[in-house]
J.: 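If you scroll down you'll find the structure; I have some questions about it.
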Amino acid sequence: MKYIIVGLGNFGSSLGMALTRQGHEVIAIDSSMQKVEAYKEVISHTICMDATDEYTVSGLPIADTDIVIVAIGEDQGENVMATALFKTLKAKRLISRSINPLHQKVLQAIGVDDLIHPENEAAKRWAKRLSLRYFVDSFELSDHFSIVEISIPSALIGRTVDELQLEYKFNIRLLSTMRYEYYEDSFGRTQSRPSIQGLAVPEQLLKEKDILIIYGANKHINQFLRSVGVKIN
């Protein structure tokens, strides 16, 4: 996948390096030549530019980029301007860093697809979340075990929990399923919130738009994902 990361502070640079290590193409931009030079060997591409300048930014391959992440955290005004610019230039998926509750409302009004709160979320976790097509979120219990949320692969739709034989075949456990409910926020924009469907039972039928909540060793979870056609880097 191809990413554009705006801002090479601690979070932006960590995310850029993590995604590059996973084999993705990353274009990281920052107005500081010092930062651009510092990360040019560990991130796919680093460019010194003003992310609020429409003429300059329009020269980036935005139409060919899967996700744009605005990671600017030092200057709220610059963050908002850069986010609005990439929205205007029709980024396919736009994620922006939220600095405080008021800033978050402004970003939601612009129409970002997702928000990052780096003070509470590690760059490593976001790298995993962004790099897997079906991956929704994760909670690492240790270096080797996790609870992960995965959008249901098409191969599993219409099958029962019992048919999957997850514990027998992969030594992992389906804890529950979840769906997102949609509602309008104070700006009249459609937002979503999770709705847990309860503990998974053997006779439960898996449906389109289900999110699977799975517990197990990371290597076993990856084996399961590969078995249903999910590409793992």
J.: Distance check, rounded to the nearest 0.5 Å: R97 atom CZ versus Q76 atom CD?
T.: 10.5 Å
J.: Going from CD on E25 to CG on D66, what distance comes out if it is rounded to the nearest 0.5 angstrom?
T.: 10.0 Å
J.: Under 3.5 Å, side chain of K87 to main-chain N/O of G111, donor-acceptor pair present?
T.: yes
J.: Name the one of L15, I27, I69 that satisfies side-chain contact (heavy atoms from CB on, under 4.5 Å) with Y3?
T.: I69
J.: Would D113 and I67 count as a side chain to side chain contact (heavy atoms under 4.5 Å, CB included) if you check the C-alpha gap in whole Å, the side-chain angles of each, and the deciding distance to 0.1 Å?
T.: CA-CA 10 Å; D113 298 298; I67 302 175; over 6 Å; no
J.: About how many Å separate OG1 of T52 and CD of E54, when rounded to the nearest 0.5 Å?
T.: 10.5 Å
J.: Is it true that, when you exclude L199 itself, more than 12 heavy atoms of the residues, nucleotides or ligands shown sit nearer than 6.0 Å to its CG?
T.: no
J.: Test of understanding: with salt bridge (Lys or Arg N to Asp or Glu O under 4.0 Å), list the residues that count as partners of R21, not counting sequence neighbours.
T.: none
J.: Is the backbone N or O of I99 less than 3.5 Å from a side-chain atom of H103, with the two atoms forming a donor-acceptor pair by type?
T.: yes
J.: Output the distance between atom NE2 (H24) and atom CG (L19), rounded to the nearest 0.5 Å.
T.: 6.0 Å
J.: Evaluate side chain to side chain donor-acceptor pair (under 3.5 Å) for N79 paired with S96, printing each intermediate quantity in order.
T.: CA-CA 8 Å; N79 176 295; S96 191; 3.3 Å; yes
J.: For a side-chain contact (heavy atoms from CB on, under 4.5 Å) with I29, tell me which candidate from V36, D50, I47 qualifies.
T.: I47
J.: In terms of heavy-atom contacts, does CZ of R173 have more than 12 from other residues, nucleotides or ligands at under 6.0 Å?
T.: no
J.: Using a 6.0 Å cut-off, check whether atom CD of E208 has over 12 heavy atoms from anything other than its own residue.
T.: no
J.: How long is the straight-line distance from CG of L94 back to CG of L115, given to the nearest 0.5 Å?
T.: 9.5 Å
J.: How about K92: does its NZ atom have over 12 heavy atoms from other parts shown lying under 6.0 Å from it?
T.: yes
J.: With a 4.5 Å cut-off on side-chain heavy atoms, are L89 and L60 touching?
T.: no
J.: Measure the shortest side-chain to side-chain distance between Q165 and D162 over non-hydrogen atoms and say whether it is less than 4.5 angstrom.
T.: yes
J.: Under 3.5 Å, side chain of T20 to main-chain N/O of I43, donor-acceptor pair present?
T.: no
J.: Are V6 and I72 packed together at the side-chain level, in the sense that at least one heavy-atom pair is separated by less than 4.5 angstrom?
T.: yes
J.: So with a 6.0 Å cut-off around CE of M49, is the heavy-atom count from everything else above 12?
T.: yes
J.: Pair Q223, N171 - check side chain to side chain contact (heavy atoms under 4.5 Å, CB included), show working.
T.: CA-CA 10 Å; Q223 287 171 2; N171 198 30; over 6 Å; no
J.: For the atom pair CG (D114) and OG (S98), what is the distance rounded to the nearest 0.5 Å?
T.: 11.0 Å
